[in-house]
Amino acid sequence: MTSIIAPRCGRYPVVVNQTAARELVERHIATIPDFPEPGIVFRDLTPVFADGPAFHTLSESLTAPFAGEFDVLAGVEARGFLLAAAASALCGAGVLPVRKAGKLPREVLREEYALEYGTAALEVHVDALPAGSRVLIVDDVLATGGTVGAAARLVQRAGWHVAGISVAVELDDLGGRAALVEEFGDEFRVFSLLQY
Ligand SMILES: O=P(O)(O)OC[C@H]1O[C@H](OP(=O)(O)OP(=O)(O)O)[C@H](O)[C@@H]1O
Ligand SMILES: Nc1ncnc2[nH]cnc12
């Protein structure tokens with residue numbers, strides 16, 4: 001059993017039992033074959049978000065392995081927004097919204113990337129954070145790694161530091177972790193609560 005001490009609102013520690021977290025969250029994940037297109041096995045976390053204890057536990061479990069190592073949580077639109085916002089409220093960190101292209105009103109940096117089912121682009125405001133800010137990137141699913149890889153490149157191009165990547169679900173067969181290691185080496189840790 002792995003237990004991790006994590007800061008809560010910077011004042012007192014909370015112990016996260018990652019084994020219990022894994023079991024609770026896994027019970028609420030729905031698996032949908034052939035969505036959004038034939039051949040894709042979709043891991044749907046909306047039932048996790050709908051269950052108070054499961055969502056709370058998941059949000060704590062994503063930041064616990066990086067306790068003391070980050071200043072801000074980057075949430076990737078759209079599902080990553082939910083996790084970053086919930087986790088930030090629990091640990092006292094701010095949120096950096098990493099948005100799909102064309103949504104942010106001021107000067108942006110943009111990174112294009114490939115998905116398991118398509119291509120997309122992400123953006124951040126170039127002046128969103130002070131130089132050197134330590135940014136923990138959170139998302140629901142790590143599949144090919146295209147999304148969090150693009151988010152990591154944005155963080156680095158903006159002059160911030162990638163404190164790590166933390167996801168609820170890692171799809172092992174899609175090679176996201178290996179792709180991140182190939183691009184970034186061992187610059188930062190990648191944590192996933194569940195693997196399929
Ligand atoms: O590792 P990858 O191959 O990049 O895939 C993972 C990404 O795919 C999904 O987002 P999607 O782009 O479908 O957008 P959504 O959150 O708006 O549904 C998921 O929420 C991750 O962000
Ligand atoms: N198989 C999958 N399930 C849920 N989200 C995803 N994002 C990319 N691939 C996915």
Side-chain angles (χ1 to χ4, degrees), residues 22 25-51 54-55 58-59 61-63 66 70 72-88 95-104 108-125 128 135-157 162-185 187-196:
R22 215 168 273 132
V25 171
E26 186 163 28
R27 280 207 299 278
H28 292 83
I29 293 178
T31 298
I32 320 293
D34 299 321
F35 181 88
E37 54 189 54
I40 303 289
V41 179
F42 193 85
R43 304 292 178 174
D44 174 24
L45 272 78
T46 58
V48 181
F49 301 143
D51 183 272
F55 189 23
L58 173 59
S59 304
S61 76
L62 291 180
T63 55
F66 300 91
F70 63 93
V72 175
L73 294 170
V76 185
E77 186 172 359
R79 295 174 244 163
F81 281 1
L82 293 163
L83 289 167
S88 82
V95 170
L96 172 73
V98 181
R99 297 219 60 177
K100 299 275 166 66
K103 304 285 188 182
L104 290 170
V108 295
L109 295 172
R110 174 184 294 200
E111 280 286 336
E112 302 196 348
Y113 62 102
L115 275 167
E116 194 184 359
Y117 39 77
T119 61
L122 292 176
E123 294 179 346
V124 292
H125 275 140
V135 180
L136 177 61
I137 298 167
V138 300
D139 207 352
D140 64 335
V141 174
L142 172 63
T144 65
T147 303
V148 291
R153 288 195 296 281
L154 288 171
V155 167
Q156 293 183 333
R157 284 176 56 202
V162 180
I165 291 177
S166 197
V167 299
V169 168
E170 178 174 353
L171 305 178
D172 286 337
D173 289 352
L174 292 169
R177 185 178 289 265
L180 291 171
V181 170
E182 188 173 326
E183 179 169 358
F184 299 99
E187 274 180 71
F188 47 76
R189 261 182 311 137
V190 178
F191 170 80
S192 57
L193 184 66
L194 289 156
Q195 300 79 35
Y196 290 95

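We number each residue from 1, following the sequence as shown. Both ligands and their constituent atoms are indexed starting at 1 by order of listing. What you see below is based on every heavy atom in this structure, not just the backbone, and it leaves out hydrogens, waters and symmetry mates.
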Check your understanding: So does Gln195 have more than 12 non-hydrogen atoms from other groups sitting under 6.0 Å from CD?
Key -> yes
Point to revise | Qualifying residues under ring-ring contact (aromatic ring centres under 6.0 Å, His included), relative to Phe49, sequence neighbours excluded | key: Phe55
Point to revise | Partner residues of Glu183 under the salt bridge (Lys or Arg N to Asp or Glu O under 4.0 Å) criterion, sequence neighbours left out | key: Arg153
Check your understanding: Can you find an N or O of Gly145 that's nearer than 3.5 Å to an N or O of ligand 1?
Key -> yes
**Study point:** ligand 1 contacted by Val76 (non-hydrogen, < 4.0 Å)
**Key:** no
Review point. Counting heavy atoms only, which of Asp140, Val148, Leu180, Leu142 is nearest atom 20 (O) of ligand 1?
Key: Asp140
Review point. For the residue pair Phe42 and Pro36, what are the closest heavy atoms and their distance?
Key: CD1-CD, 4.2 Å
Revision key, fill the gap. The residue among Arg43, Glu26, Glu170 that forms side chain to side chain contact (heavy atoms under 4.5 Å, CB included) with Leu194 is Glu26
Check your understanding: Of all the atoms in ligand 1, which lie at a distance below 4.0 Å from a heavy atom belonging to Asp139?
Key -> 20 (O), 21 (C), 22 (O)
**Study point:** For Thr147, atoms of ligand 1 separated by under 4.0 Å from a heavy atom
**Key:** 2 (P), 4 (O), 5 (O), 6 (C), 7 (C), 22 (O)
Review point. Just which atoms of ligand 2 are under 4.0 Å from any heavy atom in Arg79?
Key: 4 (C), 5 (N)
Review point. Measuring from Asp44:CG to Asp140:CG, what's the distance to the nearest 0.5 Å?
Key: 9.0 Å
Review point. Mind checking whether Val41 has an N or O less than 3.5 Å away from an N or O of ligand 2?
Key: yes
Review point. Are any of the N/O atoms in Arg43 less than 3.5 Å from those in ligand 2?
Key: yes
**Study point:** Leu115-ligand 1 polar pair, N/O distance under 3.5 Å
**Key:** no
Practice item. Using a strict cut-off of 4.0 Å, indicate which atoms of ligand 2 neighbour a heavy atom of Ala143. Key: 8 (C), 9 (N)
**Study point:** Smallest separation among heavy atoms of Ser192 and Arg177, with atom names
**Key:** OG-NH2, 3.7 Å
Review point. When you look for heavy atoms under 4.0 Å from ligand 1, do you find them on the side chain of Lys100, its backbone, both, or neither?
Key: side chain
Practice item. Give the minimum heavy-atom separation between Leu180 and Gly145, together with the two atoms involved. Key: CD2-O, 4.1 Å
Practice item. Mark up the atoms of ligand 1 that fall under 4.0 Å of a heavy atom belonging to Val141, in ascending order. Key: 6 (C), 21 (C)
